[in-house]
Amino acid sequence: MKLTYSKSHVSEEEINAVGKQLSPYAEHLKEVLQHGYEDEESSINLPGDKELMESVGAALRDKNTTSLKYILVIGIGGSNLGTKAVYDALYGRFDILEPSRMPKMIFLDTTDPGILLHLESFFDKEITSEEEIVINVISKSGDTTETIVNAELVLGMLQKKFPGILDRLVVTTDFGSLLWKIAEAEDITRLSIPEKVGGRYSVLSAVGLFPLAKVGINVTALLDGARKMREKCLSLDIRENPAMVSAAVLFTNYHSGKTINDNFIFHSELESLGKWYRQLLGESIGKEHDRDGNVVRVGITPTVSIGSTDLHSVGQLYLGGPEDKITTFIFAEFSKRGTVVTPEVFAGVLGGISGKKPADVADAILKGVKIAYEKKGLPFMEALLPDITPASLGAFMQFKMMEMMYLGQLFNVNPFDQPNVELYKIETKNILNG
Ligand code: PA5
């Protein structure tokens, strides 16, 4: 991945100053690599954890069937967004266009009654044997209302038809959580999440690895990509360290009123990757208090836009509206494969586009957008992925998770907690229990 920031409105002096400020923390992160899962940043130890791969491998073998059609992931927030990001990038966006490719992943991350009704009728019509499905219930805490309610509803629906459905269930949770204990008592397959690895940093743990490997995604490549990126993001030289640079650009722009980071992604299959990042940035940096307990109410509001689709929905706002955004354009080389546009029916409208490939059109739009942003004096960075593969996705996600750690340092907030989210969880439980 190549990160460029020449149009970010951040000077080399400012970048250097942030690099100097962050280098002791980079030293600290290097030490974290020696400590296993002791530190709050310990998610950086996931790529390269051999025991983790062994436990995931054992669960995969245990649930191995030739007739597998669906992996149902029941989880929310950090427990499913990373998996969905990788799955959608490689397969999910194309699921409807590739109906015979199996297995497919289904995500249940809402208690929306309409979705649950559809799911029940889907089970009735489409699942003919329990061997066709694996259910992965994922909850770090083990007691998130949405996840537990959905798990119970789904198991209730399936148990009627398949009394042995618990054999097709995998529970991923913290070792020792209530969910873990119940699963253990019921002899349900379990995968653990290291205690210090928080939900939104957990995609490279069993949380993401088991379901992704189960649909045939090369998780070794995903982890390799992440590991290589980790080395870069540990560099003390900010110029060699994309996570530090990106944190410096976001932080500096925040202080000049750019409180929104729009992730403008030019591949629709990466929309879920944008949403994964939305949680990562939103929850990690949006804080009421700093590390010293002062009320600060800071945060960068992450948005996700898809090129070129959203140029026709929010393009006007971005180019003409408030100058409150620092944009990150995210794209990979456009595939040169594909049919050339030829005059068929609408020759009179086609004009100079005739003879061009879809990649030429996409390229022209992206370049046009960047020129327009520049002409309007709007700051942006560019993240160019070499391709959309497990290795590139692993690298991008590791880059962003480490960017968050550096941003936490710059804002002096804890990027690993989410105390205010707990407020709604407590209130919901009170209502349901009352
Ligand atoms: O990032 C986080 O920690 C949160 O978004 C959680 O992932 C989310 O609240 C779900 O929690 P749990 O995995 O405990 O069910």
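Read the numbers this way: they start at 1 and go in the same order the structure lists the ligands and their atoms.
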Pull out every atom of ligand 1 sitting under 4.0 Å from any heavy atom of [X], numbered as shown with elements.
X    : answer
I76  : 7 (O), 8 (C), 10 (C)
R200 : 1 (O), 2 (C), 3 (O)
K425 : 9 (O), 11 (O)

- Query: Do any nitrogen or oxygen atoms of S79 lie less than 3.5 angstrom from nitrogen or oxygen atoms of ligand 1?
  - Reply: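 Yes: some nitrogen or oxygen of S79 is under 3.5 Å from one in ligand 1.
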
- Query: Do any nitrogen or oxygen atoms of G78 lie less than 3.5 angstrom from nitrogen or oxygen atoms of ligand 1?
  - Reply: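 Yes - when backbone and side-chain N and O of G78 are compared with those of ligand 1, one distance drops under 3.5 Å.
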
- Query: Is any side-chain N of the basic residue among E27 and K30 closer than 4.0 Å to the acidic one's carboxylate O?
  - Reply: no

How far is [atom] from its nearest protein heavy atom, and which residue and atom is that?
atom                    : answer
atom 14 (O) of ligand 1 : S141 OG, 2.6 Å
atom 11 (O) of ligand 1 : T144 OG1, 3.4 Å
atom 2 (C) of ligand 1  : E283 OE1, 3.4 Å
atom 5 (O) of ligand 1  : Q279 NE2, 2.5 Å

- Message: Counting neighbours of CD on E231 that are heavy atoms of other residues, nucleotides or ligands and sit closer than 6.0 Å, is the number greater than 12?
- Response: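 Correct, the count exceeds 12.
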
- Query: Yes or no on salt bridge (Lys or Arg N to Asp or Glu O under 4.0 Å) for K181 and E186, after CA distance, side-chain angles and deciding distance?
  - Reply: CA-CA 9 Å; K181 287 182 186 144; E186 296 288 334; over 6 Å; no

- Looking at the rings of F334 and H267, which for Trp means the six-membered one, are their centres under 6.0 Å apart? yes

- Message: What I want to check is whether the side chains of R190 and T172 have a donor and an acceptor closer together than 3.5 Å.
- Response: no

- Task: Walk me through it: do K214 and V134 pass the test side-chain contact (heavy atoms from CB on, under 4.5 Å)?
- Result: CA-CA 9 Å; K214 200 75 202 133; V134 165; 4.2 Å; yes

